[in-house]
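Below is one structure, written out as structure tokens; the observations come after it.
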Amino acid sequence: MDAPETILSVEKIEVTYHRVVTAVQGVSMTVKRGQIVALLGNNGAGKTTTLRAISGFVGMDDAQVSEGSISYKGQRTENRQPHEVTRLGVVLVPERSKVFENLTVAENILAAVPGKKSKSQAAVAYEYFPQLVRLREREAGYLSGGERQMLAIASALVCAPELLLVDELSLGLAPRVVADLIERLQLIRGELGLTIVLVEQNATVALELADYGYVMENGRIVLDGTADRLRSHDDIREFYLGHVQGERRNYRDVKQYRRSRRWYG
């Protein structure tokens, strides 16, 4: 059986803001067709910057890929305009500004791709997020956080992506909502054959969904591996899954614990 083809290749990219501030350095990652790949790390690690570099939206932040390359299906895409990258089949569900708040749910979905094509694709979006059907006429500004996330992903599906980029799937959402979103994405991946790159602070959520993961700290990749390998790695268990000697603690607790063990242990 042939190995899955590489659909996305990021090679040693550096991202610079305002031409002086380097936010991401030497980041490399490979995504194969049909995979769900997670980018893990704490706030400020460079995850969102990496995703926006892949999608082309980093240019809207007065930033650019100043070194390295990004290839999608063999085509170089670094520093191309977002609409050009989207047209190739790479669609971003952003962390911020997920929806048009003054438009209804139906208008948001149809606005993703104006024209006749959007109507047939909208039917696909509603199929995977049937909760949105009863909310079609509601303005997006009145939706709950979970409903907005559903709408953002549904709007992305209207663009008929091959590679879906999802920034912070679970942020601010109740566990039951996150569980439903995980189920939806797994179904979408299986039935539509999508490849997904997921940025997520919650490692438990990310490693439940992903096949493979990359861990970022201070703008660099510091660890990568299968989801099973990362779940069993001591540093991941302590710093990201919150386990220290069988207890569940936050990142600050773990740092204090390690510091005390270094100096007094």
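Bear in mind that the values here come from a model prediction, so they are computed numbers and not experimental data. These numbers come from the heavy atoms of this one structure, side chains and all, not from hydrogens, waters or symmetry mates.
For the pair L40 and L207, the minimum side-chain heavy-atom distance is below 4.5 Å. At a threshold of 4.5 Å between non-hydrogen side-chain atoms, the residues E168 and Q149 do not count as touching. Two residues are said to be in side-chain contact when any heavy atoms from C-beta on lie closer than 4.5 Å; M150 and L181 meet this criterion. For the pair V15/V58, a side-chain contact is recorded, criterion being any heavy-atom separation below 4.5 Å from C-beta on. In this structure, the side chains of R80 and Q75 come closer than 4.5 Å at one or more pairs of heavy atoms.
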### Query
Is there a side-chain contact (heavy atoms from CB on, under 4.5 Å) between L8 and V90 once you walk through the steps?
CA-CA 10 Å; L8 175 71; V90 182; over 6 Å; no

#### Entry: Intermediate values then yes/no, side-chain contact (heavy atoms from CB on, under 4.5 Å), E139 and E107
CA-CA 9 Å; E139 286 191 11; E107 289 168 340; over 6 Å; no

### Task
For salt bridge (Lys or Arg N to Asp or Glu O under 4.0 Å), just list the numbers for R33 and E162, CA-CA rounded to whole Å, side-chain angles, deciding distance to a tenth of an Å, and then say yes or no.
CA-CA 9 Å; R33 183 178 295 279; E162 290 185 65; 3.3 Å; yes

### Task
Evaluate the side-chain contact (heavy atoms from CB on, under 4.5 Å) criterion for residues R52 and L92: first the C-alpha distance (whole Å), next the side-chain angles of each, then the deciding distance (0.1 Å), finally the verdict.
CA-CA 8 Å; R52 291 178 74 80; L92 173 68; 4.3 Å; yes

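Between the side chain of E78 and the backbone N or O of E67, no donor-acceptor pair lies under 3.5 Å. Using modelled atom types, no side-chain atom of Q64 and backbone atom of N79 make a donor-acceptor pair closer than 3.5 Å. In terms of modelled atom types and a separation under 3.5 Å, the side chain of R229 and the main chain of D224 share a donor-acceptor contact. Not one N or O on the side chain of D167 forms a donor-acceptor pair closer than 3.5 Å with the backbone of V199. Looking at K47, its side chain never comes within 3.5 Å of a backbone N or O of M216 through a donor-acceptor pair.
L194 and L163 fall into different hydrophobic clusters, where Ile, Leu, Val, Met, Phe, Trp and Tyr residues are linked whenever their side-chain heavy atoms come under 4.5 Å apart, directly or through other members. Criterion: ILVMFWY side-chain heavy atoms under 4.5 Å apart, direct or through other members. Under it, V37 and I70 are part of a common hydrophobic cluster. Under the 4.5 Å side-chain contact rule for hydrophobic residues, V99 and L143 share a cluster. Hydrophobic cluster membership differs between V166 and I7, with clusters built from Ile, Leu, Val, Met, Phe, Trp and Tyr side chains linked at under 4.5 angstrom. In the hydrophobic clustering of this structure, V10 groups with L88; members are Ile, Leu, Val, Met, Phe, Trp, Tyr whose side-chain heavy atoms approach within less than 4.5 Å, directly or through other members.
Between V65 and A53 the shortest heavy-atom distance is CG2-CB, 4.0 Å. Closest approach of A210 and A227 over heavy atoms only: O-CB, 3.3 Å. For the residue pair G145 and L173, the shortest heavy atom distance occurs at C-CD2, 3.4 Å. For the residue pair T16 and S66, the shortest heavy atom distance occurs at OG1-OG, 2.8 Å. Residues S28 and I221 come closest through the heavy atom pair O-CG1, 3.9 Å. For the pair L165 and S55, the tightest heavy-atom approach, listed with the atom from each and the gap, is CD1-CB, 3.7 Å.
Residue D211 holds its CG atom at 10.0 Å from OG1 of T195, rounded to the nearest 0.5 Å. We find the CD-CD distance between Q186 and E208 to be 7.0 Å, quoted to the nearest 0.5 Å. Considering CD of E183 and CG of L209, their distance stands at 11.5 Å, rounded to 0.5 Å. Separation of atoms OG1 (T104) and CZ (R136) is listed at 8.5 Å; rounding is to 0.5 Å. Between atom CG of residue L157 and atom CD1 of residue I188 there is a gap of 4.5 Å, rounded to the nearest 0.5 Å. Note that CD1 of I13 and CE of M29 are 9.0 Å apart. Values are rounded to the nearest 0.5 Å.
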Got a list of side-chain donor-acceptor pairs under 3.5 Å for residues 124-134, not counting sequence neighbours?
residue : atom : partner : partner atom : Å
Y128    : OH   : E191    : OE1          : 2.7
Q131    : NE2  : D180    : OD2          : 3.2

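The residue from I153, I196, V93 that alone fulfils the side chain to side chain contact (heavy atoms under 4.5 Å, CB included) condition with L169 is I153.
With respect to E101 and R148, a salt bridge is recorded, a charged nitrogen being found less than 4.0 Å from a carboxylate O.
A side-chain donor from one of T49 and Y17 sits under 3.5 Å from a side-chain acceptor of the other.
Sequence neighbours left out, the pairs with a member in residues 7-32 that pass salt bridge (charged side-chain N to carboxylate O under 4.0 Å, His left out) are R19-D62.
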